[in-house]
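Data block below; observations after.
These values consider heavy atoms only, across backbone and side chains, with no hydrogens, waters or symmetry-generated copies. Remember, it's a predicted structure, so these values are computed and weren't measured experimentally.
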Amino acid sequence: MERVPSAGGRALLVRVKLFASYKEKAGTADIEMSLPTGATVSDAASELLRLHPAIAGDKSRLMIAVNEEYQEHDYPLSENDEVAFIPPVSGGALP
């Protein structure tokens, strides 16, 4: 499991799960990520893309689930949330 320390100040710890091509590009399926208190799904996505720029592009196309439920990018994260990043599937529709 990859561990990403907080940039400083208060932080919350989330577990990040990567699937399919994201897992392959990052070289790991699990990341323990420390984010500032008040972080959102968008903040976690930004940190993931900063750490692993090989995970393609358009942040708005990332499908993200928190604790097994799809969430919008402004969804606030809590301590110990599990954040799953799922690549878009060709031919599928976004939920």
Side-chain angles (χ1 to χ4, degrees):
M1 174 182 293
E2 180 180 356
R3 291 182 181 229
V4 180
S6 172
R10 295 186 60 190
L12 60 94
L13 191 64
V14 298
R15 297 179 317 269
V16 173
K17 299 284 189 186
L18 302 176
F19 294 92
S21 63
Y22 293 168
K23 175 182 169 184
E24 293 172 18
K25 290 176 180 175
T28 184
D30 300 290
I31 300 171
E32 194 171 79
M33 186 180 289
S34 183
L35 297 167
T37 301
T40 64
V41 163
S42 181
D43 296 320
S46 294
E47 183 67 0
L48 177 66
L49 294 176
R50 184 186 71 77
L51 294 168
H52 298 286
I55 295 176
D58 184 0
K59 192 169 108 174
S60 66
R61 293 195 56 193
L62 290 173
M63 294 176 58
I64 304 170
V66 178
N67 301 325
E68 301 184 6
E69 292 188 22
Y70 289 109
Q71 298 295 345
E72 298 295 327
H73 286 233
D74 61 350
Y75 183 82
L77 295 173
S78 298
E79 182 77 14
N80 295 318
D81 276 348
E82 181 181 275
V83 184
F85 291 89
I86 305 148
V89 177
S90 179
L94 295 175

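- None of Val14, Val16, Asn67 except one satisfies the side-chain contact (heavy atoms from CB on, under 4.5 Å) rule with Glu82; the exception is Asn67.
- Residues forming a side chain to side chain contact (heavy atoms under 4.5 Å, CB included) with Thr40 (at least two apart in sequence, or on another chain): Ser42, Asp43.
- Checked for salt-bridge contact, Asp30 and Lys17 meet the test: a charged N lies under 4.0 Å from a carboxylate O.
- Between the CD1 atom in Ile64 and the CD atom in Glu69 there is a gap of 14.5 Å [rounded to 0.5 Å].
- Scanning all heavy atoms of the two residues, the minimum distance from Ile55 to Lys25 falls at CA-CD, 4.1 Å.
- Residues Tyr22 and Ile86 share a closest heavy-atom pair of CE1-C, 3.7 Å.
- The side chain to side chain contact (heavy atoms under 4.5 Å, CB included) test applied to Glu72 returns Asp74, not counting sequence neighbours.
- Nearest heavy atom pair, residue Asn80 against residue Arg15, reads O-NH1, 3.0 Å.
- Residues Leu12 and Gly38 approach most closely at CD2-N, 4.0 Å, considering heavy atoms.
- Of all the heavy atoms in Met33 and Leu51, the pair that sits closest is CE-CD1, 4.4 Å.
- By the 4.5 Å heavy-atom criterion applied to side chains, Glu47 and Leu35 are counted as neighbours.
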Where do Met63 and Tyr70 land on the side-chain contact (heavy atoms from CB on, under 4.5 Å) test, with the steps shown first? CA-CA 7 Å; Met63 294 176 58; Tyr70 289 109; 3.7 Å; yes

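- Scanning all heavy atoms of the two residues, the minimum distance from Phe19 to Ala84 falls at CE1-CB, 3.7 Å.
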